[in-house]
Amino acid sequence: MATAAMLMLSLSVWAQDATPLPSPTGAFPANKEVLHSSMFGIGWSNILDTYLAPYNYTGSDFRFQRETTRMTNLWHAHVCNQRLIDVNFATTDNRAGNHDEYAGGIRYSQGWFYNFGRGNVVNPAERAASPLSLAAGLAATGYLGGIYMVRSGNNPAQLKSSLMVEASALATFDMKIGRRHYVWRYQFSLPLMGIAFSPNYGQSYYEIFSLQNDDRNILFAYPGNMPSMRHRLTVEIPFRRAALRLGYVAQMNQSTFHHLKYHQYSHDIMVGFSKYLYRK
Amino acid sequence: MKRTSSLATLLTWLISLSTLLLTACVKEDDYDNSKRGNFEALWRLMDEHYCFFDYKRQELGVDWDEVHTRYAAQVNEKMTNAQLFEVLCNMLAELKDGHVNLSAPFDYGRNWSFYEDYPENYNDSIARLYLGHNYMIASGLKYIVLDDNIGYVRCESFANGIGDGNVSAMLNALATCHGLIIDVRGNGGGQLTTAHTLASHFTNLTLDIGYVSHKTGKGRNDFSAPERLTLYAATDGIRWQKPVVVLTNRAVFSAANDFVNCMKHCPGVTIMGDRTGGGSGMPFNSELPNGWTVRYSAVVFYDADMQHTEFGIAPDLPLSMSGADIAQKKDTYIEKAREYLLSSK
């Protein structure tokens, strides 16, 4: 059901993008360029949350990503803005195969990246002075999700929530074969600092939400207690006025709050579309 | 040139950080899905999470390290799963905690001595005679007006939600009664919020009913500072103002035990019957490497005097079912409660 919903969302977003707009001839100022992309992915997830169970749960992973990256006027049009929405759902079970666990969440990220040299990570095929463009910057990222363990009890679920400042680097490579441009993109993101929610070691959600007893449930997060990172590699294959986008996303979320261990390692193969548009 | 140098520095930093993070993996503890491995996993799980070790040492003389030594000697790789299950259940039974269970596909390990070792003090066939056929049901609360104008409420469980609307509707229907009997005998618990919702209709004031504390680390004495537990008077619906008798037996456990603790603080309420079964720890679930489910007490609930109610709450008026009454198909508890309520008119 969730998979179908993600697919529908992906298709509806794509349909919206398909409105005819001027082709990327370079006649427009660089700071008017916008890259839209929607991808849906399927893969594998490994989850450990010792609040729920002391062992890894593994299974299928589903992901939807919606990206909008645009050049801005900032710093002599060297800065681009990226908005990334990432929706993830995983269905897993334990090694014995007798308990199920579901995890899901939504991540929203707003980042600003400085394009080095005469690079342009938004549209390298049209704008960059060399095939390789590089950009780096910071992003504000919010995440809201949870893990649900099917067996009943007073600790059936775990809320996952954080608000982080992330360092992120983008690299694009314009691979021209004949008259076609195949644009490769790689992005690496590293949460640097922020706040995250966690119950205390043996604290129940009844205490947190029904009794409203706080026990350091909002914590300062940094790579020492939340060593996480994300990788994304995509390639755009020109297809009429848009591009087919294939990719791989690796999401490695980890934390150790209040002696509770958590990780979710997700690897997804992504497929979708991207399109260059021009703002007025 | 300068930009290229800055770029190289930035990329070096990112690659270094990435490498550092790859080495900072948050991994599951090593486990071994053998007979010995499952035994050790269970012992350690309890050691790091169970919340009553100090109290059980004080009351029962349980030394968890000594328990390990004694039961480890009984585990070997040649034993069957059923034999391992028996050993593990025996080890857990040392804690005499109804909230401690081991669940396998073929059995449910438990220690229910909190009620199995005592008279039941409840006869379902007889109690049903008082309800008859025309009783009403408000979200699991069965109620009727007895012929001496005493309201009788049978509350068998707190597993399903009971809302303020349900309680108010029931109290409204019983409003003309001289008093109310709330029979929670055999109520094995359920949701604390449900127990508190029902109790909140029997006080006009905010009451301090106890304290709660949870574990903050793996050490047996790593606990949070106790936080006060409060029962707020119901603000939505009817609050009962007449005398109430709560009937209890040894099978009153967990959330029902907490309900009795709440009612003990409410004005005009008398607890009548046998000591409750206790179960004051809030249970969490976990599992063993072989997939067997473990349940254990994780959060401690104290009474208003910071005393444990893990082994039950004493009644205000102790009672036992009379053999003569049973022979006459009478419930001693209900009869005594009616007398008490009528005498306090």
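Order of the sequence lines fixes the chain letters, A, B, ..., with proteins taken first and strands second; residue numbering starts at 1 for each chain. Just so it is clear, the structure is predicted and the values come from calculations on it, not from any experiment.
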* Mind ranking A/His263, A/His258, A/Arg95 by heavy-atom pairs under 4.5 Å with chain B and telling me who comes out on top? =>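 It is A/Arg95.
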* To do: Among the options B/Ser224, B/Ala298, B/Gly217, pick out the one with the most heavy-atom pairs lying under 4.5 Å from chain A.
  =>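 Sorted descending by pairs with chain A, the first entry is B/Gly217.
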* Pairs of heavy atoms under 4.5 Å with chain A: top-ranked of B/Arg295, B/Gln191, B/His49 ->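 Looking at each option in turn, the highest pair count goes to B/His49.
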Donor-acceptor side-chain pairing of [X] and [Y] below 3.5 angstrom:
{"X": "A/Glu67", "Y": "A/Gln82", "answer": "yes"}
{"X": "B/Ser103", "Y": "B/Asn101", "answer": "no"}
{"X": "B/Thr293", "Y": "A/His99", "answer": "yes"}
{"X": "A/Asn253", "Y": "A/Tyr143", "answer": "no"}
{"X": "B/His308", "Y": "B/Ser280", "answer": "no"}

Interchain contact, [X] with chain B, by part (heavy-atom threshold 4.5 Å):
{"X": "A/Leu52", "result": "backbone"}
{"X": "A/Glu207", "result": "side chain"}
{"X": "A/Tyr206", "result": "side chain"}
{"X": "A/Asn98", "result": "side chain"}
{"X": "A/Ser210", "result": "side chain"}
{"X": "A/Asp93", "result": "neither"}

* Asked: Applying the side chain to side chain donor-acceptor pair (under 3.5 Å) test to A/Gln158, which of A/Tyr51, A/Tyr262, A/Tyr205 qualifies?
  ->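 By the side chain to side chain donor-acceptor pair (under 3.5 Å) criterion, A/Gln158 pairs with just one of A/Tyr51, A/Tyr262, A/Tyr205: A/Tyr205.
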Does any backbone or side-chain atom of [X] lie under 4.5 Å from a heavy atom of chain A? Answer side chain, backbone, both or neither.
{"X": "B/Pro105", "answer": "neither"}
{"X": "B/Tyr232", "answer": "neither"}
{"X": "B/Lys218", "answer": "both"}
{"X": "B/Val26", "answer": "both"}
{"X": "B/Glu48", "answer": "both"}
{"X": "B/Asn290", "answer": "backbone"}
{"X": "B/Leu229", "answer": "side chain"}

* Sequence neighbours excluded, which residues qualify as salt bridge (Lys or Arg N to Asp or Glu O under 4.0 Å) partners of B/Arg57? ->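 Counting only residues at least two positions away or on another chain, B/Arg57 forms a salt bridge (Lys or Arg N to Asp or Glu O under 4.0 Å) with B/Asp63.
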* Does the side chain to side chain contact (heavy atoms under 4.5 Å, CB included) test come out yes or no for A/Phe116 and A/Leu134, once each step is laid out? -> CA-CA 6 Å; A/Phe116 294 96; A/Leu134 296 158; 4.2 Å; yes
* Nearest heavy-atom neighbours spanning A/Ala221 and A/Phe257 ->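 A/Ala221 and A/Phe257 have their closest heavy atoms at CB-CZ, 4.1 Å.
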* Looking only at heavy atoms, which two atoms of B/Ala304 and B/His265 are closest? And how far apart? ->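 So the minimum-distance heavy-atom pair works out to CB-NE2, 3.5 Å.
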